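Since this is a predicted model, take the numbers as computed values, not measurements.
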Amino acid sequence: MPSLQDSKLAFIGGGNMASAIIGGLLNKGVQKQNIWVSEPWDVNREKMAALGVQTTTVNVEAAKDANLVIIAVKPQVTKGVCEELGAAWSGRTTLPVVVSIAAGITLDSLVQWLRTSDGRNAHVVRVMPNTPALVGEGASGLYASKDVTSEEKELVNAVLGSVSKATEWVDKEELLDVVTGLSGSGPAYFFAMVEHLIASATALGLSEEQATRLASQTCLGAGKMLVDSSDSPTQLRKNVTSPNGTTYAALQTFESLGFKDTVDKAVNAATSRAAELGNTLGKQ
């Protein structure tokens, strides 16, 4: 398997996530001529072309010589895209590694749709990224088919690592649904928390602009402490909480209102919905 620098990479779909990954790859020094993007929408394709990468409207053209193909289209059109690629790859000696970031589409479905007419299967990796990848601070969960080699995993790690600070391989596909409920949907949980913090502080007299700046920086600073500190989240919380102090009063309120159960139910709801969508989309 060639290294990241020597690989030809193809993106089927040129939306925000593909754009983020391509930007990360270019920052890592990947040559522009080694990246192809197939995108039907003129606006998205022109944005990709402005980055200097190769663009086309034809999926098969983008992926014809690729070592790694990233499926970055909407789940509803994934089947048609995969079947088109599988049919075109029947004459290839070596099939590319396929990475799917199409939410909810199961590995079995992807393998089936990508199967060539001569009965061969591409090696497939499913990835659940999250939107902080757009600013180079993503977290991704990954699951591979059993035939994916360690060298292929290293290449996928290198690609995702261009925008994800955490890339976690899971050993059961259903755990990707948990990743969805945790880090996939997780940014929205924090945005909702910050929304409510701002609203509360504004109601108590701060201007909305002041409250927004203070809440946003607090969220950023706390996140950096989580990443950089060797302490657990539990210990970091304790470090901020003086007995009978202000933080203690707030946390006691959270506890009395069932904060833990609320978070547990929310993550479970997102996880269950991810599984439900996967079952539905895989049958289409």
Side-chain angles (χ1 to χ4, degrees), residues 16-17 101 103-104 127-143 163-280:
N16 287 337
M17 193 60 68
I101 61 174
V127 178
M128 182 64 225
N130 66 0
T131 55
L134 300 177
V135 293
E137 295 288 347
S140 298
L142 306 92
Y143 177 74
V163 291
S164 291
K165 296 295 177 65
T167 52
E168 302 292 336
W169 293 86
V170 297
D171 55 9
K172 296 179 182 178
E173 186 170 15
E174 57 265 30
L175 291 178
L176 279 185
D177 296 328
V178 181
V179 172
T180 301
L182 173 61
S183 55
S185 299
Y189 311 157
F190 288 92
F191 298 148
M193 180 69 172
V194 172
E195 276 186 276
H196 296 313
L197 287 172
I198 293 168
S200 296
T202 301
L204 291 169
L206 281 180
S207 71
E208 184 173 350
E209 293 78 12
Q210 287 178 317
T212 299
R213 286 192 292 270
L214 288 168
S216 299
Q217 183 58 40
T218 298
C219 190
L220 175 63
K224 186 168 177 56
M225 290 179 72
L226 272 171
V227 171
D228 292 348
S229 175
S230 59
D231 289 338
S232 68
T234 299
Q235 185 59 50
L236 289 171
R237 172 181 56 77
K238 289 179 178 178
N239 292 347
V240 186
T241 310
S242 301
N244 296 317
T246 58
T247 307
Y248 177 81
L251 292 177
Q252 286 295 104
T253 303
F254 281 149
E255 186 174 338
S256 68
L257 294 173
F259 183 65
K260 179 181 180 298
D261 287 341
T262 298
V263 173
D264 187 55
K265 288 176 181 177
V267 174
N268 272 280
T271 300
S272 296
R273 181 59 176 156
E276 180 183 338
L277 288 172
N279 290 333
T280 300

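- Rounding to the nearest 0.5 Å gives a distance of 10.0 Å between OG1 of Thr241 and OH of Tyr248.
- Residue-environment remark: CG (Asn16) stays at or below the threshold of 12 foreign heavy atoms within 6.0 Å.
- Smallest separation of non-hydrogen atoms from Ala215 and Val194: CB-CG1, 3.9 Å.
- Taking all atoms of both residues into account, the shortest heavy-atom contact from Ser140 to Val127 is CB-CG1, 4.0 Å.
- The side-chain heavy atoms of Arg213 and Glu209, taken from C-beta on, include a pair separated by under 4.5 Å.
- Within the model, atoms OG1 of Thr212 and CD of Glu195 stand 10.0 Å from one another, a figure rounded to the nearest 0.5 Å.
- When side chains are defined from C-beta on, Leu214 counts as touching Leu206, because their heavy atoms get closer than 4.5 Å.
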Take Arg237 and Thr234 through the test side-chain contact (heavy atoms from CB on, under 4.5 Å) and record every step on the way to the result. CA-CA 5 Å; Arg237 172 181 56 77; Thr234 299; 3.6 Å; yes
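- From Ser185, atom OG reaches atom CZ of Arg273 across 11.5 Å, with rounding to the nearest 0.5 Å.
- Looking only at distances, a side-chain donor or acceptor of Ser256 sits under 3.5 Å from a matching main-chain atom of Thr253.
- Under the side chain to side chain contact (heavy atoms under 4.5 Å, CB included) criterion, Ala274 pairs with Asp177, Thr180, sequence neighbours left out.
- Around atom CD of Glu208, no more than 12 heavy atoms belonging to other residues, nucleotides or ligands sit under 6.0 Å away.
- Here the shortest heavy-atom pairing between Ile198 and Ala211 reads CG1-O, 3.8 Å.
- The local environment of CD in Glu255 is sparse, with at most 12 non-hydrogen atoms from other residues, nucleotides or ligands closer than 6.0 Å.
- Under the 4.5 Å side-chain criterion, counting only non-hydrogen atoms from C-beta, Leu226 is in contact with Pro233.
- Between Leu175 atom CG and Glu168 atom CD the span is 12.0 Å, to the nearest 0.5 Å.
- Screening residues 170-207 for ring-ring contact (aromatic ring centres under 6.0 Å, His included), with sequence neighbours left out, gives no hits.
- In this structure, CD in Gln235 is found 9.5 Å from OG in Ser230, a value given to the nearest 0.5 Å.
- Across Ser164 and Ala139, no two heavy atoms sit closer than the pair OG-N, 4.0 Å.
- When atom types are taken as modelled, the side chain of Asp231 and the backbone of Leu236 share no donor-acceptor pair closer than 3.5 angstrom.
- One finds the CD atom of Glu137 at 8.5 Å from the CG atom of Leu220 (value rounded to the nearest 0.5 Å).
- Counting all heavy atoms, side chain and backbone alike, Met17 lies closest to Ala133 at SD-CB, 3.8 Å.
- Between the side chain of Asn268 and the main chain of Asp264, a donor-acceptor pair closer than 3.5 Å is present.
- Scanning for ring pair (Phe, Tyr, Trp, His ring centres under 6.0 Å) contacts around Phe254 gives Phe259, with sequence neighbours left out.
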